[in-house]
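The next block holds one structure in the form of structure tokens; read it before the comments.
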Protein chains: 2
Amino acid sequence: MGVVVPLEDERVRSQNAVAQLQALVREDMEDVNEFIRDRMASDVPMIPELASHLINSGGKRLRPMLTIAASRLCGYQGSDHIKLAASVEFLHTATLLHDDVVDESDLRRGKKTARMLWGNQASVLVGDFLLGRAFRLMVETKSLRALEIIANAASVIAEGEVMQLAAAKDTGTTEDAYMRVIAAKTAALFAAAAEIGAVVAARSTGETAALESYGRNLGIAFQLIDDALDYGGRAASLGKNVGDDFRERKITLPVVLAFRRGGKEERAFWERTLREGDQREGDLEHAQGLMAKHGTIEDTIARARHYGAIAKDALAIFPENAYSTALLDLVDFCISRTY
Amino acid sequence: MGVVVPLEDERVRSQNAVAQLQALVREDMEDVNEFIRDRMASDVPMIPELASHLINSGGKRLRPMLTIAASRLCGYQGSDHIKLAASVEFLHTATLLHDDVVDESDLRRGKKTARMLWGNQASVLVGDFLLGRAFRLMVETKSLRALEIIANAASVIAEGEVMQLAAAKDTGTTEDAYMRVIAAKTAALFAAAAEIGAVVAARSTGETAALESYGRNLGIAFQLIDDALDYGGRAASLGKNVGDDFRERKITLPVVLAFRRGGKEERAFWERTLREGDQREGDLEHAQGLMAKHGTIEDTIARARHYGAIAKDALAIFPENAYSTALLDLVDFCISRTY
């Protein structure tokens, strides 16, 4: 497909990077996992059953790791970061449950989605349950500022999803409109997760803003790569179905660029397959061919590198130590996980 | 149908009662409404459009009125009760949006539901948006105790809905199991709405507990009457469809009692129509006939009166004034609104 493949040693290095971060926060993350198990308990058996299906499905817990690493980078020595991180994971899980209902998805991380096993109704309600528990955990930390940040993020994520819904199937979506969607639906939670790490450690506004910026730009890069991944690369090994976005007629950056760069006939193809939803045998392969022709996957990755670079510079005010190094390497991991 | 019809003057008196409460809190409720309009704003036009469809659909705003009246009963003179009341209405609206998706309802308050006009997807997401805004408003009051109460209520409501889902179509549901469902899905928010009125006024634990108990028991009575209403009475004039619960195969108390009191043939009828979902012309009328035969509507109302009486006694520790009188009369209103 002619995409830019990172050198093998760069990939290995970035794989090591996330392993390094995971090693650094291992003990804290064990506490986070214990809190998660503890707080998804309910007398209604379907709730922990459904919630644990997704929570234990092998996600990397990137967002709570951000909270933990950010708080440790800020020298935090207390225990509230555990509750905040668990709360972030609950909020994330709630949005995934609702997203799968909204997107009518069958698979997530290579497993059947909760809605396929327990139904849409239970997925909506257990999402609501987890949102309530997320706020309950936050309240226990008594940090009004962290609560404010997370409550805002919850609304902004939903706004992003509604924007995406309103722009769905619109092949004329601009790159700017697409960026507004992913800034809201994905980057807002990354930003909040990192920012509350500084908040719990009561750090200066400069350091808090730096971590917020780091999280926001990392989140944008992460989503851009996710969208590139959906059209190829090592998607299958990551439990994703190649072509999900195409089948769900989602307008992501690889499509936005291919549509704008294509001629009349190519635009007619995108209109037929995505706006009208008339998809035939071989259409996905044709779409991938058009993307290769116009280099839209490479350029999506290039955009991701741009935001990744901003994320790294945001962290530059912190002294170099194991945490800042791991967070910097995490950026490379998020970008090179694709191919 | 042989149901107990309250004397006309009792009904008129209780209608006056709610008008009296509304008059007492009119100015505060105007502020609440302004906050609601203000805080459902978003750059994404679909959000305020969808939210206002439901929020402006002529609901009585019972739950925020409870918060306002409870805080005033406790002598509160600040302005945070306005934000708390708006937050309660947002949380309530979010649960209604999600309920209509879960129940696949076409009508609410005599109007098409949001999901019929904007789709299930948007209803789920705008519900999430409102939940975020609800918590954001709460945070502004800086009351961690109120936040804790509302976060707990949010989880408990979802638990109640999941319980209802799990027991759906089970004609063998016991009265106790049914009571656990409505205590969670309905009474928890009434309880929280009243309790935070005392919390914001920093009243004693005895007074806080009294208002919590008042709200909880009022909520149970309210739901029992709602379930009776669904099989007759003045449902149409209240914008409800008689028989909705029957068509949606919900197991409510009038059914629980009719099933248990009925003979073999009658139980077979309930199994066919509710468990198996095989409903034919005339079945709703036959169901109403069985309820009349066994007096299950009257007895549902009798149970409601029981909880109403507890609600009233809970308030007895407060001095008699316009607010306590209006709250007491509200109990009668909730019970006699039916027939």
Side-chain angles (χ1 to χ4, degrees), chain A residues 39 42-47 50 91 94-95 97-99 101-104 118-166 168 180 184, chain B residues 39 42-47 50 91 94-95 97-99 101-104 118-166 168 180 184:
Chain A
R39 297 309 175 88
S42 164
D43 292 337
V44 186
M46 196 197 286
I47 291 178
L50 191 156
L91 175 54
T95 65
L97 285 173
H98 288 180
D99 278 5
V101 170
V102 168
D103 295 343
E104 298 174 352
W118 287 273
N120 282 334
Q121 302 168 314
S123 291
V124 169
L125 297 172
V126 174
D128 290 350
F129 172 82
L130 291 175
L131 279 174
R133 285 283 162 102
F135 284 104
R136 183 67 182 74
L137 264 168
M138 287 267 158
V139 171
E140 286 180 30
T141 70
K142 297 188 168 57
S143 170
L144 284 165
R145 181 66 192 131
L147 268 159
E148 185 182 9
I149 290 166
I150 293 294
N152 276 338
S155 284
V156 169
I157 293 166
E159 274 181 318
E161 301 278 355
V162 177
M163 266 192 268
Q164 179 169 273
L165 203 62
R180 279 194 293 273
Chain B
R39 296 309 175 87
S42 164
D43 291 338
V44 186
M46 196 198 283
I47 292 178
L50 190 156
L91 175 55
T95 65
L97 285 172
H98 289 181
D99 278 5
V101 170
V102 169
D103 295 342
E104 299 175 352
W118 285 274
N120 282 335
Q121 303 168 314
S123 291
V124 169
L125 297 172
V126 174
D128 290 350
F129 172 84
L130 291 176
L131 279 174
R133 285 282 161 102
F135 284 104
R136 182 68 182 73
L137 265 168
M138 286 268 157
V139 171
E140 287 181 29
T141 69
K142 298 189 168 57
S143 170
L144 285 165
R145 181 66 193 130
L147 268 159
E148 186 183 9
I149 290 165
I150 293 294
N152 276 339
S155 285
V156 170
I157 293 166
E159 274 180 319
E161 302 278 354
V162 177
M163 266 192 268
Q164 180 169 271
L165 202 61
R180 280 194 293 273

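Being a predicted model, the structure only gives us computed values, none of them experimental. Protein chains get the first letters and strands the later ones, always in sequence-line order, with residue 1 at the start of each.
Ala134(A) approaches Leu91(A) most closely through the heavy-atom pair CB-N, 4.1 Å. Residues Gln121(B) and Val102(A) share a closest heavy-atom pair of NE2-O, 2.5 Å.
Here Ser155(B) is the residue among Ala158(B), Ala154(B), Ser155(B), Gly132(B) with the most heavy-atom pairs under 4.5 Å with chain A. For the set His98(A), Met163(A), Lys142(A), the count of heavy-atom pairs under 4.5 angstrom toward chain B peaks at His98(A). Contact tally against chain B (heavy-atom pairs below 4.5 Å) for Asp43(A), Ile157(A), Val124(A): the top residue is Val124(A). With chain A as partner, the option from Gly127(B), Pro45(B), Ala184(B), Ala151(B) having the largest number of non-hydrogen pairs under 4.5 angstrom is Ala151(B). Contact tally against chain B (heavy-atom pairs below 4.5 Å) for Leu131(A), Asp103(A), Leu147(A), Leu125(A): the top residue is Leu125(A).
Considering only residues two or more places apart in sequence or on other chains, Arg39(A) meets the side-chain hydrogen bond (donor to acceptor under 3.5 Å, both in side chains) condition with Glu140(A).
Interface residue Leu144(A): backbone and side-chain heavy atoms are both found under 4.5 Å from chain B. For a residue to count as touching a neighbouring chain, one of its non-hydrogen atoms must lie under 4.5 Å from one of that chain's; by this rule Leu165(A) touches chain B with the side chain only. Residue Asp128(B) touches chain A through both its backbone and its side chain, counting heavy-atom pairs closer than 4.5 Å.
Among pairs with a residue in residues 133-157 of chain A, those fulfilling ring pair (Phe, Tyr, Trp, His ring centres under 6.0 Å) read Phe135(A)-Phe135(B), at least two apart in sequence or across chains.
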Output, in order, the C-alpha distance, side-chain angles, deciding distance and verdict of side chain to side chain contact (heavy atoms under 4.5 Å, CB included) for Glu148(B) and Asn152(B).
CA-CA 6 Å; Glu148(B) 186 183 9; Asn152(B) 276 339; 4.1 Å; yes

Yes or no on side chain to side chain contact (heavy atoms under 4.5 Å, CB included) for Val162(B) and Leu50(A), after CA distance, side-chain angles and deciding distance?
CA-CA 11 Å; Val162(B) 177; Leu50(A) 191 156; over 6 Å; no

